[in-house]
Amino acid sequence: MSHFTDLAHQFIDGEWKPGSGSWDIIDFNPYTGEKLASITVATAGEVDRAYRAAERAQAAWAETNPYTRRLVFERALRIVEDREAEIAETIVAELGGTRLKAAFELHLAKEFLREAIQLALRPEGRILPSPVDGKENRVYRLPVGVVGVISPFNFPFLLSIKSVAPALALGNAVVLKPHQNTPICGGTLVASILEEAGLPAGLLNVVVTDIAEIGDALLTHPIPKVISFTGSDKVGRHVATVCAQNFKHAVLELGGNSALIVLDDADLDYAVDAAVFSRFVHQGQVCMAANRILVDRSVEAEFTEKFVAKVKTLRVGDPADPATHIGPLINSQQAESVDGAVEQAVAGGATALLRGTIEGNLVSPSVLAGVPADAPVLAQEIFGPVALILPFDGEDEAVRIANDTPYGLSGAVHTADVERGVRVAKRIHTGMIHINDGTVHDEPIVPFGGEKHSGIGRLNGDAMVEAFTTQKWISIQHGRSRFPF
């Protein structure tokens, strides 16, 4: 894994250098515990240097012909395709992603790079009518300038590219801060690919650091106009508050507590497959995961039996083994927190149909039924392999339970009657919901995002133009205005 050491630096103004902080972020393999790299943290001074480099480089980039800009993303796509095997190994080693998960993340990352190529040409100006004779109103779409991107540990390669590539394609510069647990996949790997693809120096800067070192410097700095943050709602609330105080626009992609609803006429075998994948993909560390599985009481016994039987077949272990379904959680705090949540639920009266064990960062699946309505586990986002099965009587109760959460990210409805599914889906307060499918989906041109505590704003497709550009009105008076004095 020598490339870990090669990428264990800050990337500021086109230069790879160690940070000048007084301590190191250690990058561990969550399965083996092996130390992959250590990176000396960036200080607030280096964050300032990164933002200033971005601001300097951005002016010429915004003037660059968008047909020229898009060539960078065409080359980046080819580099990702050429280095796919190596990037997959990096995902497996750094975040404990299974082979399946690494392939899934890479597939989506390539789709988003393809979309970034298109996005360079997407912004369009308009000419609007005026009530004033002889006046021409032009509306220009311009880059916002500099964008700060903060990415999470669960899909770091994809979710960094997802904001970074569109922001750059639209003529902005970017400062990226990856999660401390995934500084390579979420940060320096992305920078090395774009550098190799010919992105001019200074347009993408990566600072590997921690709030303990820089505080809110990334958010309060005067240069960035937009902050794109993906992570927990707790941190998202702080980001939104600080951004508002500093007149910055925040795009927030936050946690979820999504419900997968199985109606009485659903294809149960298929619903089981969808539910098992939606809950256990990437060890359950997915914001869109089916945290709660709601089943009509008339089919609850049959569904539950099939669900538990399928979950028992999932293999827990080494993520590098292609037969593994469930690898490690990202770190020991997560593993202990997930185990603790199950412990608390069982102590509070829930029945464990399957009780997972914890070994290092490996947590095997738990399936809980009979969860009391006031159990804390129902209200939280469980970032781990724990399924909650909740019965309901009829559609109205399903909708009530599904909506009984501060979150609203994803969801699914299973039914033999597609339009019935759509009617139920419309009543659920969520940004995204899928009929007869899983809850974990992302596509390059659909508006991706949540309601309630699951976030503010949307990404993907036209929403990227909305997020990373601004509008400017320029009027031209072709005649002469009359002024009253």
Side-chain angles (χ1 to χ4, degrees), residues 91 95 97-98 100-116 118-119 151-152 154-163 165-166 228 230-231 251-263 266-267 270-294 325 381-383 385 387 402 405 407-415 418 421-422 424-452 454-455 457-464 467:
I91 289 171
L95 47 138
T98 60
L100 176 82
K101 190 268 185 189
F104 183 61
E105 181 163 3
L106 271 159
H107 164 72
L108 278 174
K110 288 184 296 184
E111 289 291 351
F112 278 93
L113 282 169
R114 288 187 186 102
E115 173 61 8
Q118 308 299 323
L119 270 171
S151 66
N154 59 344
F155 282 79
F157 186 66
L158 168 66
L159 295 177
S160 290
I161 282 175
K162 184 170 163 164
S163 281
S228 178
T230 307
V251 180
L252 306 174
E253 298 290 342
L254 310 178
N257 187 7
S258 300
L260 184 143
I261 299 171
V262 182
L263 296 178
D267 175 335
Y270 176 67
V272 163
D273 289 348
V276 170
F277 178 81
S278 300
R279 177 60 274 194
F280 295 107
V281 64
H282 194 41
Q283 296 73 276
Q285 300 175 116
V286 182
C287 53
M288 295 172 275
N291 240 28
R292 300 168 300 150
I293 298 160
L294 279 48
H325 299 104
E381 177 181 36
I382 311 171
F383 233 52
T405 171
Y407 299 100
L409 189 59
S410 187
V413 182
H414 280 254
T415 170
V418 167
V422 171
V424 171
K426 282 179 169 172
R427 297 172 63 193
I428 293 166
H429 305 144
T430 180
M432 313 177 279
I433 188 159
H434 310 284
I435 312 298
N436 292 335
D437 209 340
T439 58
V440 180
H441 294 284
D442 195 358
E443 293 178 12
I445 63 169
V446 297
F448 181 101
E451 297 294 320
K452 302 192 281 188
S454 288
R458 295 289 183 270
L459 289 178
N460 305 2
D462 294 338
M464 296 295 199

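Keep in mind that what you see is a predicted model, and the values were worked out from it rather than measured.
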If every non-hydrogen atom of F383 is compared with every non-hydrogen atom of C287, which pair is closest and at what distance?
CE1-N, 3.8 Å
For E451, which residues count as a salt bridge (charged side-chain N to carboxylate O under 4.0 Å, His left out) partner, sequence neighbours excluded?
R458
Does M464 reach the side chain of L459, with side-chain heavy atoms less than 4.5 Å apart?
yes
Does any non-hydrogen side-chain atom of N257 lie less than 4.5 Å from one of R292?
yes
Would you check if there is a donor-acceptor pair between the side chains of D442 and N460 at a distance under 3.5 Å?
yes
Decide yes or no for V446 and M432: does some side-chain heavy atom of the first lie under 4.5 Å from some side-chain heavy atom of the second?
no
Can you tell me how far the CZ atom of R427 sits from the CD1 atom of I433, to the nearest 0.5 Å?
11.5 Å
At what distance, to the nearest 0.5 angstrom, does CG of L119 lie from CG of L113?
11.0 Å
Exercise: identify the closest heavy-atom pair between V418 and I435:
O-CG2, 4.2 Å
Checking side-chain contact (heavy atoms from CB on, under 4.5 Å) for the pair I382/R279: CA distance, chi angles, key distance, verdict?
CA-CA 10 Å; I382 311 171; R279 177 60 274 194; 4.2 Å; yes
Any chance the side chains of S410 and T439 put a donor and an acceptor closer than 3.5 Å?
no
For the residue pair F104 and F277, categorise the inter-ring angle as parallel (less than 30°), tilted (30 to 60°) or perpendicular (more than 60°).
perpendicular
Minimum heavy-atom separation for A290 and L260, please, with both atom names.
CB-CB, 3.9 Å
Check for a donor-acceptor pair, side chain of N291 on one end and backbone N or O of A259 on the other, with a separation under 3.5 Å.
no
Rounded to the nearest 0.5 angstrom, the OG-CG distance for S151 and L158 is 10.0 Å
Answer yes if the ring centres of F155 and H282 are under 6.0 angstrom apart, and no otherwise.
yes
Which heavy-atom pair separates S278 from G438 by the least distance, and what is that distance?
OG-CA, 3.1 Å
Would H325 and F280 count as a close aromatic pair, with their ring centres under 6.0 Å?
no
Any chance you could measure K162, atom NZ, to F448, atom CZ, to the nearest 0.5 Å?
4.0 Å
Measuring from K452:NZ to L254:CG, what's the distance to the nearest 0.5 Å?
13.5 Å
Under a 4.5 Å cut-off applied to non-hydrogen side-chain atoms, are H441 and H434 in contact?
yes
Under 4.5 Å between any side-chain heavy atoms of I445 and E115, yes or no?
yes
For A266 and V262, the nearest pair of non-hydrogen atoms, with its separation, is CB-CG1, 3.7 Å
Residue pair E111, H107: steps toward the side-chain contact (heavy atoms from CB on, under 4.5 Å) verdict:
CA-CA 6 Å; E111 289 291 351; H107 164 72; 3.6 Å; yes
State, yes or no, whether a side-chain contact exists between K101 and L95 at a heavy-atom distance under 4.5 Å.
yes
Closest non-hydrogen atom pair between N154 and E105, with its separation:
O-OE1, 4.3 Å
Measure the OG-CZ distance between S163 and F112 for me, rounded to the nearest 0.5 Å.
9.5 Å
